[in-house]
Protein chains: 2
Amino acid sequence: MNAFENILHEKHVRSTAMRLLVMDTLAKQQTAISLHDLEAAFEHADRITLYRTLKTFEEKGIVHSIEDGTGATKYALCEPGCQCSPQDLHIHFYCNKCEKTYCLSKSKIPDLGLPKGYQLQEVNLVAKGVCNRCSD
Amino acid sequence: MNAFENILHEKHVRSTAMRLLVMDTLAKQQTAISLHDLEAAFEHADRITLYRTLKTFEEKGIVHSIEDGTGATKYALCEPGCQCSPQDLHIHFYCNKCEKTYCLSKSKIPDLGLPKGYQLQEVNLVAKGVCNRCSD
DNA sequence: GTTGCTATGCAATGGTATTGCATTTTTTTA
DNA sequence: TAAAAAAATGCAATACCATTGCATAGCAAC
C-alpha cells in the first residue's frame, strides 16, 4: 500500500486506479491546476469523471480548491495534517504574468479580526501580482 | 450636479442616465450584488449594458468586484477616497446561510507577509461562514 | 448642422460547472 | 462463490455566467 493509497484510506475514499492517477498528477504540479489542466494531463480520461474525482477529494479533505478569479476553480493537494480549517489555510498567489496560481504553504492566513457576530468557517485568500519567477 | 455626477466627473466617466441609475441602485444595497441581481433591480434594462457599465465602473475605480466563489462576480461601490490599492482593500464576507456577500469596510486586509520576490498588486479576500444577522 | 466618438441594445458565442442516466466495477452479503 | 447492493465511471445534455460583434442611438465638438 503506497502513500496515496494510505491517504485515500485515511480519508475514507475508495482507492481506484483513476483516483490514484489523479493524486499522482496533482502531486507532480508546482501550482494549483484547473479541471481543464488536469484533463490535459491525461490522454483518454473523461472530463466528468475527473470533475467528480476532484469534488470527492475536496469534500473529503484531500484537495483544497481556490477561486482565483480566472473563472476556473483551481485545485491542489492538501498538506499532510491539513484539516482545511481557517488556521490550516494558506495564502494563494496568482501571477498576472505567467497566469499560474501558487500555494504559498508557508504563508498562513493572518488573523482577520472580523466584527462581532461573524462566525468564520472558510477563507479564500488570493493575492495577485508578479511571482518570484517572473519578477527578475 | 449631485454626488453621483461628481464622482463620475472625477473618475472621467461620462454621466448618463443609465450610469446614474446604476450608481443609485448600488448605493442602496447593503451587500455586494451580481450582474443578475442588478438586472433584477430594473424592469427594462439590457443585461449587456449593465455588464458594460459595471466593467467601466470597475476600470475607473468606481466599483470593486469580488470573486466570492459562487460563480457570479459581485460588485459594490468603492468608499470615498478608495484607490483600490491593497492598502485600501477590505475583507468580504460571504454568508453560507443568507448567501449574501458583505463588504466589511472597516476590516482592512492584514499584512500578508509574502515571501521575497512576490510583488503584490491586488488582493481578493473572502471569508465565509455565518454573518451576524444569521447567527442569532 | 455635420462629423465623430461614445454609449446602448440585440444577437450570438464560448467556457465552466453541473446533473441525469446507463453501464461497469467494486464491495457486501447470503 | 454467486447474487445483490453500492459506488464509480462514461456519455449526453443542460444551465449559467462572461464576453464579443455589430448595428443603432445619443451626445459632444467643430
Side-chain angles (χ1 to χ4, degrees), chain A residues 1 4-5 7-9 11-25 32-60 62-76 94 99-101 124 126, chain B residues 1 4-5 7-9 11-25 32-60 62-75 94 99 101 124 126:
Chain A
M1 179 130 72
F4 294 147
E5 285 177 308
I7 294 173
L8 289 175
H9 186 73
K11 305 283 187 178
H12 307 292
V13 177
R14 281 194 192 160
S15 177
T16 69
M18 187 85 259
R19 288 173 175 171
L20 290 171
L21 281 172
V22 169
M23 289 187 81
D24 189 59
T25 304
I33 65 171
S34 67
L35 174 60
H36 184 83
D37 297 333
L38 182 62
E39 202 186 353
F42 292 89
E43 278 299 308
H44 303 293
D46 180 60
R47 170 196 284 270
I48 312 301
T49 302
L50 295 174
Y51 169 76
R52 283 197 259 232
T53 301
L54 289 174
K55 281 291 175 190
T56 303
F57 281 7
E58 189 183 9
E59 267 174 34
K60 302 293 185 165
I62 295 170
V63 306
H64 58 278
S65 66
I66 307 111
E67 319 276 348
D68 62 8
T70 60
T73 306
K74 302 290 168 61
Y75 298 86
Y94 177 77
E99 301 183 340
K100 291 188 187 304
T101 300
N124 188 61
V126 180
Chain B
M1 180 130 71
F4 293 147
E5 285 178 308
I7 294 173
L8 290 175
H9 186 73
K11 304 284 187 177
H12 307 291
V13 177
R14 276 197 195 159
S15 178
T16 69
M18 187 86 258
R19 286 171 178 173
L20 290 171
L21 280 172
V22 170
M23 288 186 82
D24 189 58
T25 304
I33 64 171
S34 68
L35 173 59
H36 184 83
D37 297 333
L38 182 61
E39 203 187 352
F42 292 89
E43 277 301 307
H44 303 292
D46 181 60
R47 169 196 285 270
I48 312 303
T49 302
L50 294 175
Y51 170 75
R52 283 196 259 234
T53 301
L54 288 174
K55 279 291 176 190
T56 302
F57 282 6
E58 189 183 10
E59 267 175 34
K60 303 294 183 165
I62 296 171
V63 305
H64 59 279
S65 66
I66 307 111
E67 320 275 347
D68 61 8
T70 60
T73 307
K74 302 291 167 63
Y75 299 87
Y94 176 77
E99 300 183 341
T101 300
N124 188 61
V126 180

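All values below were derived from every heavy atom in this structure, side-chain atoms included, with hydrogens, water molecules and symmetry-related copies excluded.
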In chain order, what residues pass the side-chain contact (heavy atoms from CB on, under 4.5 Å) check against A:E58, with sequence neighbours excluded? A:K55, A:V63, A:S65, A:Y75
Taking C-beta and beyond as the side chain, do A:T73 and A:L35 meet within less than 4.5 Å on heavy atoms? no
Test salt bridge (charged side-chain N to carboxylate O under 4.0 Å, His left out) applied to A:D24 - qualifying residues, sequence neighbours left out: A:K28
Taking DNA chain C as the partner, which of residues 42-52 of chain B come within under 4.0 angstrom of it by heavy atom? B:D46, B:I48, B:T49, B:R52
Show every side-chain hydrogen bond (donor to acceptor under 3.5 Å, both in side chains) that has at least one partner inside residues 40-54 of chain A, sequence neighbours left out. A:E39-A:R47, A:D46-A:T49
Span of DNA chain D engaged by chain A, first through last nucleotide within the 4.0 Å heavy-atom cut-off, is D:dA7 to D:dA12
Using a 4.0 Å heavy-atom cut-off, does A:T56 contact any base of the nucleic acid, only the sugar-phosphate backbone, or nothing at all? nothing
How long is the line joining CD of A:E58 and P of C:dA17, in whole Å? 11 Å
Where do A:S15 and A:L8 come nearest, in terms of heavy atoms and distance? CA-CD1, 3.7 Å
Rounded to whole Å, please give me the gap between CG in A:D37 and P in C:dG15. 14 Å
Please examine the side chains of A:K100 and A:Y94, heavy atoms only from C-beta on, and report whether any two atoms are closer than 4.5 Å. no
C:dA7, OP1 or OP2 - any side-chain N/O from B:T53 closer than 4.0 Å? no
Have a look at B:S34 and say if it touches a base, only the backbone sugar-phosphate, or nothing, with a 4.0 Å heavy-atom cut-off. nothing
In whole Å, what is the span from the CG atom of A:D68 to the P atom of C:dT16? 12 Å
Of all residues at least two apart in sequence or in a different chain, which pass the side-chain contact (heavy atoms from CB on, under 4.5 Å) check with A:A72? A:S34, A:T70
Grab the CG-P distance between B:L54 and C:dT8 for me, whole Å please. 12 Å
To the nearest Å, how far apart are A:L38 CG and C:dG15 P? 19 Å
Given DNA chain D, 5'-ward residue of the pair B:R14 and B:H36, judged by closest heavy atom: B:H36
Rounding to a whole Å, what distance do you find between B:K55:NZ and C:dT8:P? 16 Å
Nearest whole angstrom, please: distance from the C1' of C:dA17 to the CD of A:E59. 15 Å
Output yes when a side-chain donor or acceptor of A:N124 lies under 3.5 Å from a complementary backbone atom of A:E67, and no otherwise. yes
How long is the span from the CD atom in A:E5 to the CE atom in A:M23, to the nearest 0.5 Å? 10.0 Å
For atom CE of A:M18 and atom P of C:dT24, their distance in whole Å: 18 Å
